[in-house]
Amino acid sequence: MIRLAIQKSGRLSEDSLSLIRECGIGFLSSTFKLKTEATNFPLEILFLRDDDIPGYVQDGVADLGIVGQNVLVEAGLTSLQVEALGFSKCRLSLAVPRGEAYNSVADLQGKNIATSYPQLLGSYLAGQGVQAQLHTISGSVEIAPSIGLADAICDIVSSGSTLLGNGLREVETVFRSEAVLIANQQLAPEKRELLEQLQFRMQAVRRARRNKYILLNAPVSALDAVKALLPGIKSPTVTPLAEAGWVSVQSVVNEDDFWHITDRLKAVGAEGILVLPIEKMIS
Ligand SMILES: Nc1ncnc2c1ncn2[C@@H]1O[C@H](COP(=O)(O)OP(=O)(O)OP(=O)(O)O)[C@@H](O)[C@H]1O
Ligand SMILES: O=P(O)(O)OC[C@H]1O[C@H](OP(=O)(O)OP(=O)(O)O)[C@H](O)[C@@H]1O
Ligand SMILES: [Mg+2]
């Protein structure tokens, strides 16, 4: 049995649970139960505060964890990272009151800055040659300037609406973060094997999310142009249609390139384009 710690409730919880479920791992969860066993994989899930997860994994209380890279680096435990998971993307940024003049990070020299990330901010400022007084607070950091607690803040930003709602302006990005899978570094061989099985499934899920299955009809005369646009995993599948001179083409396309490629497919004569989600993608 391998133990995985995830956030009990917060920005990482829902996506962590979805990823585990999409890996085909079933479990019962209830708001009050802080530990659950998977029904079809030797996995125990612990529901914890995210800040505690890196330490628990380092000490071996949990074998694995899912946590924001920002929390991992702040804890000085970057060496536990196994792979990035592509969700809970955000940035740690410096912000100042909107009306205040700001030209460069040098303007923060001697200022009071409130943050929950003194290590990350401290090393960023040291790298910029700026000395400031850091006030560590554990939450609601964006309130600090308006109550006279600090001149500036450094906190997590995603949409920017919390900054906007508190009269602040983002001025520097200190760190870019996303959720990461972490593991204890002295895992027993049986647990290491379970970790590898989990990683294999997670990678198949993530690859599937990034890609779409595409089917279309095209005149044979356009086939070379269509093939050039849709290289697929190895090469596209091409089957003749009942109507002479036409083929059906099936392939896989990256989500990011999808609209751009669809426009070009239409331009070379493709018709009846269907796009389907992929559930798992194993390379
Ligand atoms: N607005 C956001 N958008 C995307 N990701 C975010 C956002 N805010 C935070 N995160 C990421 O999710 C992690 C957890 O954020 P959350 O706000 O739930 O933490 P928390 O309040 O410290 O939770 P806990 O109660 O577990 O200590 C952060 O460390 C960061 O990596
Ligand atoms: O740029 P935005 O999209 O507004 O997101 C940023 C906010 O999200 C996080 O807090 P969260 O809402 O998770 O609340 P918390 O203070 O309880 O962690 C973070 O600490 C910021 O305050
Ligand atoms: Mg926390």
Side-chain angles (χ1 to χ4, degrees), residues 3-20 29-36 45-59 61-62 64-78 80-98 113-124 134-147 149-150 152-183 202 206 209:
R3 270 189 171 171
L4 167 68
I6 65 170
Q7 189 187 27
K8 179 179 177 286
S9 78
R11 298 280 189 163
L12 296 159
S13 312
E14 208 178 298
D15 287 339
S16 303
L17 288 172
S18 313
L19 180 60
I20 298 167
S29 67
S30 103
T31 331
F32 305 109
K33 235 179 145 218
L34 299 178
K35 200 167 76 157
T36 189
I45 304 170
L46 311 183
F47 297 91
L48 302 174
R49 288 288 302 273
D50 70 339
D51 316 66
D52 296 333
I53 294 176
Y56 280 9
V57 171
Q58 164 81 353
D59 298 343
V61 175
L64 312 176
I66 295 179
V67 74
Q69 224 170 5
N70 50 314
V71 166
L72 188 67
V73 176
E74 183 65 24
L77 294 173
T78 329
L80 302 181
Q81 180 168 334
V82 174
E83 69 175 84
L85 297 174
F87 60 85
S88 295
K89 289 192 174 169
C90 57
R91 52 199 188 272
L92 181 68
S93 291
L94 278 157
V96 298
R98 209 172 309 137
I113 310 177
T115 188
S116 307
Y117 298 92
Q119 298 301 327
L120 267 164
L121 177 58
S123 52
Y124 172 82
L134 306 191
H135 294 273
T136 306
I137 51 178
S138 59
S140 299
V141 174
E142 294 90 344
I143 204 177
S146 69
I147 58 172
L149 203 65
I153 65 125
C154 178
D155 198 22
I156 297 294
V157 182
S158 172
S159 65
S161 42
T162 308
L163 292 184
L164 193 68
N166 288 283
L168 298 171
R169 178 164 66 99
E170 186 175 1
V171 289
E172 308 287 347
T173 304
V174 171
F175 185 74
R176 287 190 187 276
S177 180
E178 65 184 277
V180 290
L181 178 68
I182 60 174
M202 285 180 179
R206 292 197 54 213
R209 284 181 185 165

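Whatever order the structure lists ligands and atoms in, that order sets their numbers, starting from 1. Values below: all heavy atoms of this structure, side chains included; hydrogens, waters and symmetry mates excluded.
Distance from atom 31 (O) of ligand 1 to its nearest protein heavy atom, with residue and atom name: Asn70 OD1, 2.6 Å. The single protein non-hydrogen atom nearest to atom 18 (O) of ligand 1 is Arg11 N, 2.7 Å, given as residue, atom name and distance. Of the protein's heavy atoms, Cys90 SG, 3.9 Å lies nearest to atom 11 (C) of ligand 1. Closest to atom 14 (C) of ligand 1, if we only count protein heavy atoms, is Asp50 OD2, 3.4 Å.
When all heavy atoms of Ile143 and Ser146 are compared, the closest pair comes out as O-OG, 2.9 Å. Closest of all the heavy-atom pairs between Gln81 and Leu72 is CB-CD2, 3.9 Å. Nearest heavy atom pair, residue Cys154 against residue Ile113, reads N-CG2, 4.1 Å. Contact record, Leu134 with Pro118: CD1-O, 3.7 Å, taken as the closest heavy-atom pair. The shortest non-hydrogen separation linking Gly65 to Ile53 is CA-CG2, 3.9 Å.
Atoms of ligand 1 found under 4.0 Å from any heavy atom of Ser158, numbered from 1 in the order shown, are 1 (N), 2 (C), 3 (N). Distances below 4.0 Å separate heavy atoms of Gly10 from the following atoms of ligand 1: 18 (O). Short contacts between ligand 1 and Val71, defined as distances under 4.0 Å to a heavy atom of the residue, involve ligand atoms 29 (O). Residue contact check: Gln7 has heavy atoms under 4.0 Å from atoms 14 (C), 16 (P), 18 (O), 19 (O), 20 (P), 23 (O), 24 (P), 26 (O) of ligand 1. Residue-ligand proximity, Asp51 to ligand 1, at heavy-atom distances under 4.0 Å covers atoms 22 (O), 27 (O). Shown in contact with Ile156 at under 4.0 Å from a heavy atom are these atoms of ligand 1, numbered in order with element: 7 (C), 8 (N), 9 (C). Below 4.0 Å from some heavy atom of Ser88 lie the following atoms of ligand 1, by number and element: 5 (N). For ligand 1, the atoms lying closer than 4.0 Å to a non-hydrogen atom of Arg49 are 24 (P), 25 (O), 26 (O), 27 (O).
For the ligand labelled ligand 1, residue Lys89 lies inside the 4.0 Å heavy-atom shell.
Glu74 places a side-chain N or O within 3.5 Å of a backbone atom of Leu120 that can act as its donor or acceptor partner. The main-chain N or O of Val73 is never found under 3.5 Å from a side-chain atom of Thr78 such that the two would form a donor-acceptor pair.
Taking 4.5 Å as the limit, some side-chain heavy atom of Ile137 sits within range of a side-chain heavy atom of Leu149. Between Ile156 and Tyr117 there is a side-chain heavy-atom pair separated by less than 4.5 Å. For the pair Phe47 and Leu17, the minimum side-chain heavy-atom distance is below 4.5 Å. In this structure, the side chains of Lys35 and Leu46 come closer than 4.5 Å at one or more pairs of heavy atoms. With contacts defined as side-chain heavy-atom distances shorter than 4.5 Å, the pair Leu80/Val57 qualifies. Inter-residue side-chain proximity for Leu94 and Tyr124 is flagged as met; some heavy-atom pair is nearer than 4.5 Å.
Of the protein's heavy atoms, at least one falls inside 4.0 Å of atom 26 (O) of ligand 1.
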Report the C-alpha distance between Glu170 and Ser93 in whole Å, list the side-chain angles of each, state the deciding distance to 0.1 Å, and finish with yes or no for side-chain hydrogen bond (donor to acceptor under 3.5 Å, both in side chains). CA-CA 7 Å; Glu170 186 175 1; Ser93 291; 2.6 Å; yes
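No more than 12 heavy atoms of other residues, nucleotides or ligands shown are found within 6.0 angstrom of CD on Glu14. Other residues, nucleotides and ligands contribute only 12 or fewer heavy atoms inside 6.0 Å of the CZ atom of Arg176.
Protein residues having a heavy atom under 4.0 Å from any atom of ligand 2 are Arg11, Glu142, Asp155, Ile156, Val157, Ser158, Ser159, Gly160, Ser161, Thr162, listed by chain and number.
Near the Mg ion (ligand 3), less than 2.8 Å away, sit the protein N, O or S atoms Asp50 OD1, Asp51 OD1.
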